[in-house]
Amino acid sequence: MGTDDRGADDRPGGGPTAGAPVPSGGPTRSRGAGSGGRGADDPGLVGRAVTIALAVASFGVSYGVLAVAAGLSPWVAVITSVVVFAGASQFALVGVLAAGGAPILGAISGLLLNLRMLALGAAVGARLPRTRLGRRLLDGYLLIDESAAVALTGPPATTARRLRTVGVAVWLGWVGATALGAFAGDLVGDPATLGLDVAFPATFLALLAPWLRERRRRLAAVLGAAIAVAAWPVAPAGVPLMLAGLGALPVIAAGRSVAHRRPEDAT
Amino acid sequence: MRTFASFASPAAALPRPVVLTALETPRGPGGAVVLAIAVLALGTLVLKSAGPVAASGRTLPPLLARAVDALPPALLAALVATGTVGVAGGLAVDARAAGMAVAALAVWRRAPFPLVVLGAAVTTALVRLAT
């Protein structure tokens, strides 16, 4: 990787400028285009995926420990990581279980947290080629904040490869670490003492940066952050991130998007 | 445990009868817990795959295209902001802010990605150690 890491992401299409979902995602881009063949010129991708997976894994260990403390058997803890595969919502579930609340309320607050995946999924989906239903479901399964954010950074032809590379790396880290925490939790300390809780906002900041070059997206970012922070102390978990989507409204309402203005800048 | 065997296949939708069985026979981890896990798993898969299933290979209508262009930066920025100052039930400027300042500097100087994350984590850990 090294320093061309970022360059690889920023150059080809000015990052998410390539996100122009309309022209590039159109029917002209045939099924093969995004399904992995173009990834060779993606030098930083694996290193990036591994870094993210390690940060996620440090919290997977916590999840395994907490899930067992909340009364799940170690195997059930691991199974939840496999079938749900959405970290924050799993923490929400075991948080409710640990507090003795009705389990279904834990599931509902988890789903509330995951509502944002609708928006991220649409953004990523618009850049994916049309494939078999099973393949698309698998792409959806691998969609998490981190894989979506990386998938959206770079030319549309690499979207599928980015999504799957980061998705699989994080899956391995998350599920493996859940098992580690669930079966051998006593051996591991609190990731916060190592500062690893900051790995998440730091990751998202690095992934946000290329979007900030364009004025409308910058406006959406500023509004989204302000709304989420304002809502954080008063709204239940999951709601602030959902409300952050409102930050995009003025930009959506403002008419023609960048995608429309500069269709061919993208590639 | 038998009930869980079919949970293990990731993308496969959970057959309805399994959920019903779990409801009717509360044992093992407890029926209500099994149901909660099933609801969270299925609901999450629906939310995550709606986009890839419905939007892939399609030309989005202009309004939706503008939405998918503007929503990711709004959501990413919200994740950055709440991850930096959000604590359970409130806001706090603490060691994380120092770590994020280093991360911002690293991003601005176009440092490689692992360095951004590592710089933020090490700074935060050191500030925590010192305070």
Side-chain angles (χ1 to χ4, degrees), chain A residues 5-6 21-22 26 48 51 76 79-80 83-84 86 103-104 107 110-111 114 116-119 121-123 125-126 128-130 136-141 143 152 194-196 198-202 204-206 208-209 211 217 220-221 224-225 228-229 232-233 241 244 247-248 251-252 257 259, chain B residues 4 7-8 10-11 29 32-33 35-37 39-41 43-45 47-53 55-57 59-60 65-86 90-91 96 99-100 103-104 107 110 112-114 116-117 120-122 124-125:
Chain A
D5 187 5
R6 287 200 54 82
V22 174
R48 181 171 284 221
T51 310
V76 174
I79 287 168
T80 55
V83 295
V84 180
I104 195 69
L111 288 177
N114 289 338
R116 68 182 183 283
M117 304 317 289
L118 276 178
L128 290 174
R130 195 90 180 161
R136 281 179 278 153
L137 278 173
L138 191 62
D139 283 339
Y141 173 72
L143 186 89
L152 289 168
L194 299 175
L196 287 169
V198 178
F200 293 100
F204 294 124
L205 180 66
L208 170 68
W211 294 85
R217 292 170 177 156
V229 168
W232 186 269
L241 286 178
V251 181
I252 297 170
S257 73
Chain B
F4 284 104
F7 279 39
V33 173
L35 179 69
I37 293 171
V39 166
L40 181 59
T44 299
L45 183 63
L47 291 173
K48 291 204 295 184
S49 55
V53 166
S56 63
T59 302
L60 296 178
R66 287 201 296 274
V68 301
D69 191 65
L71 278 170
L75 289 173
L76 286 173
L79 285 166
V80 172
T82 57
T84 305
V85 296
L91 302 169
R96 294 171 300 170
M100 287 302 288
V107 167
R110 302 189 165 244
F113 178 75
V116 173
V117 175
V122 168
T124 305

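Note that the structure is a prediction, hence the values are computed from the model and not measured. Here is how names work: the chains are called A, B, and so on, in the same order as the sequence lines, proteins then strands, and each is numbered from 1.
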Legend entry - Heavy-atom pair with the smallest gap, counting every atom of A/Ile252 and B/Arg66: O-NE, 2.6 Å
Legend entry - Pick from B/Gly51, B/Ala81, B/Pro52 with the largest number of heavy-atom pairs that fall under 4.5 Å of chain A: B/Pro52
Inset, instruction - Taking all heavy atoms of A/Leu208 and all of B/Pro73, pick out the closest pair and write down the distance. - result: CD1-O, 3.7 Å
Inset, instruction - Could you tell me which portion of A/Leu194 (side chain, backbone, both or neither) has an atom closer than 4.5 angstrom to a non-hydrogen atom of chain B? - result: backbone
Legend entry - Nearest atoms (heavy-atom pairs only) where A/Ala202 meets B/Val117: CB-CA, 4.4 Å
Legend entry - Closest heavy-atom pair and its distance - A/Ala119, B/Leu75: CB-CD1, 3.9 Å
Inset, instruction - Specify which of B/Thr44, B/Leu76, B/Val122, B/Leu79 makes the most heavy-atom pairs with chain A at under 4.5 Å. - result: B/Leu79
Inset, instruction - Would you check if A/Trp232 and B/Leu91 make a side-chain contact, meaning some heavy-atom pair closer than 4.5 Å? - result: yes
Legend entry - A/Leu111 side chain near B/Val39 side chain, heavy-atom distance below 4.5 Å: yes
Inset, instruction - List the atom of A/Pro103, the atom of B/Ala36, and the distance in Å for their closest heavy-atom pair. - result: O-CB, 3.3 Å
Inset, instruction - Rounded to the nearest 0.5 Å, what's the gap from CZ on A/Phe204 to OG1 on B/Thr82? Could you check? - result: 9.0 Å
Inset, instruction - Give the minimum heavy-atom separation between B/Ala78 and A/Gly224, together with the two atoms involved. - result: CB-O, 3.9 Å
Inset, instruction - Pick whichever of B/Gly99, B/Ala121, B/Ala103, B/Gly43 has the most heavy-atom pairs under 4.5 Å with chain A. - result: B/Ala121
Inset, instruction - Let me know if B/Ala50 has heavy atoms under 4.5 Å from chain A in its side chain, its backbone, both or neither. - result: side chain
Legend entry - Most chain A-contacting option - heavy-atom pairs closer than 4.5 Å, from B/Ala125, B/Ala67, B/Ala74, B/Gly83: B/Ala74
Inset, instruction - Among the options A/Ala86, A/Pro201, A/Gly121, pick out the one with the most heavy-atom pairs lying under 4.5 Å from chain B. - result: A/Pro201
Inset, instruction - State, yes or no, whether a side-chain contact exists between B/Ile37 and A/Val76 at a heavy-atom distance under 4.5 Å. - result: yes
Inset, instruction - Just give me the residue among A/Asp139, A/Leu241, A/Thr80 that pairs up with chain B most often, heavy atom to heavy atom, under 4.5 Å. - result: A/Leu241
Legend entry - Region of B/Val53 that comes under 4.5 Å of a non-hydrogen atom in chain A: both
